[in-house]
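To find a chain, count down the sequence lines: A is the first, B the second, and so on, and within it residues start at 1. What's counted below: heavy atoms across the whole structure, side chains too, no hydrogens, waters or symmetry copies. Because the structure is a prediction, the values reported are computed rather than measured.
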Amino acid sequence: MATKCRRSRTKFTEEQLKILIDAFNKKPYPGYAIKQRLALEVNTEESRIQIWFQNRRARHNFLKRPEKNLDLRQDRAYPEENIQGVRDRRCRTSYTSSQLQTLMNAFMENPYPGVDSREQLAEDIGVPESRVQIWFQNRRSRLHIQKKREPEEASAQRQNQGQDL
DNA sequence: TCTAATCTCATCAAAAGCATTTTGATGAGCCCATTAGA
């Protein structure tokens, strides 16, 4: 059986889009509480709201701000308090050692799991699929950084050993 | 073709343990990120 790699596209209705656009015009950087409320209002997941705002900001920045070094955050219409809903972030997820072990095993098997695998993992460890996606993103990113650093650290170590002699 | 979904990379910030490290959450993307489903 073929596994699904990508989540199927969400199709927002005109009514849903109206709600989202209104919210975006008021606050292009909504906090977690607002995103949750919007998710309830348009009957979707909070993670879909987050993606919609990310894509909307990207398009909005491009259409409205062709000049370099200008973005929504520097727009007078969007003062500091509108950014991040005054730092209203989702509560940090803390994983147990067994949850981490499951994630690590899955990562070693496939660092780019499709939506089906992520959903299965999410069910197995009892967290939302969106958290599994974020965990894999962070894990891949930090592995790349670590791999880039390794040659530098090795050469620094060789230099130190040379000085010691 | 439009735009939701996904990616990497940089950064913020909470938690664990006492100044610093680890790592989850969030945002941008600039010859204006790329990919791909409806």
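Here A:Asp22 pairs with A:Lys18 under the salt bridge (charged side-chain N to carboxylate O under 4.0 Å, His left out) rule; sequence neighbours left out. Every residue meeting the salt bridge (charged side-chain N to carboxylate O under 4.0 Å, His left out) condition with A:Arg37, not counting sequence neighbours, appears here in chain and number order: A:Glu41.
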Show me the protein contacts with nucleotides 20-22 of chain B, counting only N or O atoms at under 3.5 Å.
none

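In this structure, A:Tyr95 places its OH atom 7 Å from C1' of B:dG24, rounding to the nearest Å. When the C1' atom of B:dG29 is taken as reference, atom CZ of A:Arg59 falls 14 Å away, rounded to whole Å. When rounded to the nearest whole Å, the span between CD1 of A:Ile134 and C1' of B:dT26 equals 8 Å. Here the P atom of nucleotide B:dC2 and the CZ atom of A:Arg56 are 15 Å apart, to the nearest Å. What separates CH2 of A:Trp52 from P of B:dA28 is a distance of 14 Å, to the nearest Å. Note: NE2 (A:His60) to P (B:dA4) measures 15 Å, nearest angstrom.
There is a path of hydrophobic side-chain contacts, each under 4.5 Å, that joins A:Leu17 to A:Ile34. There is no path of hydrophobic side-chain contacts, each under 4.5 Å, that joins A:Val115 to A:Ile51.
Residue pairs satisfying the salt bridge (Lys or Arg N to Asp or Glu O under 4.0 Å) criterion with at least one member in residues 127-140 of chain A, sequence neighbours excluded, are listed as follows: A:Arg7-A:Glu129, A:Arg118-A:Glu129.
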Using a cut-off of 4.0 Å between protein heavy atoms and nucleotide atoms, how would you tag nucleotides 6-12 of chain B 5' to 3' with B, S and -? BSBB-BB
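Residue contacts for A:Ser8: at a heavy-atom cut-off of 4.0 Å it reaches the sugar-phosphate backbone alone, with no base atom in range. Nucleic acid contact class of A:Arg9 (heavy atoms, under 4.0 Å, all strands): base.
With a 4.5 Å cut-off between side-chain heavy atoms of Ile, Leu, Val, Met, Phe, Trp and Tyr, the cluster of A:Phe107 takes in A:Tyr95, A:Leu100, A:Leu103, A:Met104, A:Leu121, A:Ile125, A:Val127, A:Val132, A:Trp135, A:Phe136, A:Leu143.
Note that CD of A:Gln36 is 11.0 Å distant from CD1 of A:Ile49, once rounded to the nearest 0.5 Å.
Remark: A:Ser94 is not in phosphate contact with B:dG24, judged by side-chain N or O atoms under 4.0 Å from OP1 or OP2.
The 12-atom threshold is exceeded at CG of A:Asn105, counting heavy atoms of other residues, nucleotides or ligands nearer than 6.0 Å.
Looking only at side-chain heavy atoms (C-beta outward), A:Glu123 and A:Glu119 stay at 4.5 Å or farther from each other.
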